[in-house]
Amino acid sequence: MLQVSYIRENKEQVLERLAVKNFKQPELVEEVIRLDDVRKQTQNRTDSISAEANAAAKQIGELMRAGKKEEAEILKANTGKWKEEIKQYGDELAAVESELQQKLVLLPNLPHSTVPKGLTPEENEVVLEQGDKPQLPAEALPHWELAAKYKLIDFELGVKITGAGFPVYKGKGAKLQRAMIAYFLDEAEKAGYEEVVVPLLVNEASGFGTGQLPDKEGQMYFVNEDNLYLIPTAEVPVTNLYRDVILKADELPVKNCGYTPCFRREAGSYGAHVRGLNRLHQFDKVEIVQVVRPEDSYKVLEEMSAHVQGLLQKLGLPYRVLRLCGGDMGFASALTYDMETWSAAQQRWLEVSSVSNFETFQSNRLKLRYRNAEGKTQLAHTLNGSALALPRIMATLLENNQTERGIKIPEVLVPYTRFEWIE
RNA sequence: GGAGAGGUGUCUGAGUGGUCGAAAGAGCACGCCUGGAAAGUGUGUAUACGCCAAAAGUGUAUCGAGGGUUCGAAUCCCUCCCUCUCCGCCA
């Protein structure tokens with residue numbers, strides 16, 4: 001959520017930045033400022049009436065104690081009108097605050113100055129491309145066929161017990177999955193991230209805090225009975241660990257990592273391009289999250305990007321890094337890098353990580369602050385990234401590493417899998 | 001799931017209608033003391049919003065959340081949430 005004070009002071013710049021994100025309702029900016037004006041006036045009025053009423057109540061109390069009952073009664077008789085007014089203006093204030101809030105949450109985060117204009121994924125900027133794309137023989141198989149051939153993943157079984165998009169991993173497929181989770185967590189720990197194990201269901205306040213609600217309500221599974229959402233990413237519970245928190249300066253940066261399954265409804269997306277592991281309703285992911293000082297956040301974003309790239313390099317996967325254009329970025333992000341690996345059998349890039357700086361967009365919703373050098377509270381910056389999302393890594397590994405003998409496990413994973421080949 | 005108790009500031013904890021944003025202690029910060037530290041001692045120590053050019057100051061709100069009673073609510077009433085104890089169930 002943007003800060004009203006910032007919008008007021010930088011209106012032109014805000015409009016300019018929103019245009020980069022292809023925001024369709026620039027008139028909301030004026031509206032927010034107008035509502036904030038009304039809010040201030042209304043609060044002013046409400047406060048001064050409350051002040052009068054408080055003063056009168058105090059006086060009555062003093063008279064009562066002094067035994068001057070009659071005088072107190074006279075005052076009491078005059079206080080009747082405060083009540084109605086306080087109620088009326090209080091309601092007005094609540095109404096305008098609520099209206100302001102409703103408009104405010106519709107405004108997406110402002111994109112960083114380096115974010116390219118553009119509407120579609122094709123307009124994302126390729127920052128770098130690394131690693132050689134393997135040349136597979138003509139008889140090379142896509143991962144879903146490899147998964148069947150080596151009995152690694154059973155999609156049909158998943159359909160039976162749940163539905164499409166909920167695969168069952170078996171044997172070496174299951175072990176490889178677990179190995180990657182352990183490896184990614186260990187690498188994150190080496191990079192200074194403290195591991196957390198968090199709930200997989202979150203309440204509405206948490207969904208709001210990181211920006212999924214109300215914007216992406218339909219993408220989350222919802223447990224009606226208990227009013228809880230299944231997490232679409234560990235970002236939600238992990239970042240919300242710091243909701244309503246004022247951190248001491250020396251507690252920054254906060255660095256957490258965590259493995260969780262992720263649940264996404266992804267309604268209406270079926271077809272060849274989502275075959276196999278390409279898009280699932282449930283998948284595993286290791287997430288890294290940081291809470292930092294504003295002045296450090298872009299340096300930290302690069303550091304997190306480098307961490308993700310390091311993982312891909314160690315796995316020996318060809319990848320590229322995209323700087324997302326305004327139209328393809330998430331609602332809450334100021335700058336996002338997507339990492340994609342080259343899936344050799346499918347001949348396409350697969351997104352395996354997304355690293356974002358949210359600046360104060362989330363912290364403003366979360367009320368996540370820290371005490372700066374002057375001792376004043378200030379909104380911190382939040383960042384997160386996948387390190388990594390498992391299914392497409394699995395897909396790429398299977399496809400790119402297939403040989404006549406079988407599938408070669410990357411060296412870094414062997415200590416975790418305790419086998420070198422799937423054959 | 002049943003019965004009972006309770007939710008106060010960073011923490012412990014007092015406060016059952018007014019002078020309470022809230023005693024006291026601990027912690028923390030700064031100062032004094034000390035060769036240095038401990039002890040001792042002094043001062044300070046919530047958040048948000050409004051007014052003010054800003055600071056100072058000042059107004060309002062907040063004692064789990066929301067509503068109500070009252071001139072006045074941390075304190076009384078209602079609803080919800082959460083925690084603890086006992087019983088039941090259970091990996």
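Here the structure is a predicted model, which is why all the values come from computation and not from measurement. A, B, ... follow the sequence lines: proteins, then strands. Residue 1 opens every chain.
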Give the rounded distance in Å between these two atoms: [atom1] of [X] and [atom2] of [N].
{"X": "A:Q101", "N": "B:rC49", "atom1": "CD", "atom2": "P", "result": "13 Å"}
{"X": "A:D244", "N": "B:rC81", "atom1": "CG", "atom2": "C1'", "result": "15 Å"}
{"X": "A:N364", "N": "B:rA48", "atom1": "CG", "atom2": "C1'", "result": "12 Å"}
{"X": "A:I246", "N": "B:rG9", "atom1": "CD1", "atom2": "P", "result": "14 Å"}
{"X": "A:N44", "N": "B:rU58", "atom1": "CG", "atom2": "C1'", "result": "12 Å"}
{"X": "A:I49", "N": "B:rC71", "atom1": "CD1", "atom2": "P", "result": "18 Å"}
{"X": "A:R243", "N": "B:rU47", "atom1": "CZ", "atom2": "C1'", "result": "17 Å"}
{"X": "A:L366", "N": "B:rA48", "atom1": "CG", "atom2": "C1'", "result": "16 Å"}

Pair assignment for [N], Watson-Crick or G-U wobble, requiring both distances under 3.5 Å:
{"N": "B:rG35", "answer": "none"}
{"N": "B:rU79", "answer": "B:rA65"}
{"N": "B:rG44", "answer": "B:rC28"}
{"N": "B:rG72", "answer": "none"}
{"N": "B:rG21", "answer": "none"}
{"N": "B:rC49", "answer": "B:rG59"}
{"N": "B:rG88", "answer": "none"}

Euclidean distance for [atom1], [N] against [M] (whole angstrom):
{"N": "B:rG9", "M": "B:rC87", "atom1": "C1'", "answer": "36 Å"}
{"N": "B:rU47", "M": "B:rU43", "atom1": "C1'", "answer": "23 Å"}
{"N": "B:rA22", "M": "B:rA61", "atom1": "P", "answer": "14 Å"}
{"N": "B:rG59", "M": "B:rC77", "atom1": "C1'", "answer": "30 Å"}
{"N": "B:rG13", "M": "B:rG7", "atom1": "P", "answer": "10 Å"}
{"N": "B:rA29", "M": "B:rU10", "atom1": "C1'", "answer": "13 Å"}
{"N": "B:rG66", "M": "B:rU75", "atom1": "P", "answer": "13 Å"}
{"N": "B:rU58", "M": "B:rA65", "atom1": "C1'", "answer": "29 Å"}

Any base atoms under 4.0 Å from [X], or only sugar-phosphate, or nothing? Heavy atoms, all strands.
{"X": "A:K248", "answer": "nothing"}
{"X": "A:R371", "answer": "sugar-phosphate"}
{"X": "A:K367", "answer": "nothing"}

Atom NZ of A:K408: over 12 foreign heavy atoms under 6.0 Å | yes
Review item, nucleotides 59-63 of chain B N/O atoms under 3.5 Å of protein N/O:
from, atom 1, to, atom 2, distance (Å)
B:rG59, N2, A:Q43, NE2, 3.4
B:rG59, N2, A:D47, OD2, 3.1
B:rU60, OP1, A:N54, ND2, 3.1
B:rU60, O2', A:D47, OD1, 3.0
B:rA61, OP2, A:N54, ND2, 3.4

Shortest non-hydrogen contact from A:V412 to A:P415?
-> O-CD, 3.4 Å
Could you give me the CA-CA distance, side-chain angles and deciding distance for A:R243 and A:L368, then say whether side-chain contact (heavy atoms from CB on, under 4.5 Å) is met?
-> CA-CA 6 Å; A:R243 171 151 50 85; A:L368 197 191; over 6 Å; no
Heavy-atom donor-acceptor pair, A:H143 side chain to A:L277 backbone, under 3.5 Å = yes
Taking only the side-chain nitrogens and oxygens of A:R369, find out if one of them lies under 4.0 Å from OP1 or OP2 of B:rU47.
-> no
Side chain to side chain, A:Y337 and A:L301, heavy atoms closer than 4.5 Å | yes
Under 3.5 Å donor-acceptor pairs involving side-chain atoms of residues 55-64 of chain A, not counting sequence neighbours:
none

Proximal nucleotide (of B:rC49, B:rA55, B:rG68) relative to the A:K87 side chain = B:rG68
Starting from the 5' end of RNA chain B, give me the residue, A:A56 or A:Q378, whose nearest nucleotide shows up first.
-> A:Q378
Taking for each residue the nucleotide of RNA chain B with the nearest heavy atom, is it A:K83 or A:T377 whose nucleotide lies nearer the 5' end?
-> A:T377
Would you confirm whether the ring centroid of A:Y298 sits within less than 6.0 angstrom of the ring centroid of A:H112?
-> yes
What do you reckon, are the aromatic ring centroids of A:F283 and A:F263 less than 6.0 Å apart?
-> no
Pairwise salt bridge (Lys or Arg N to Asp or Glu O under 4.0 Å) hits with a residue in residues 177-200 of chain A, at least two apart | A:E187-A:K190, A:E187-A:K314
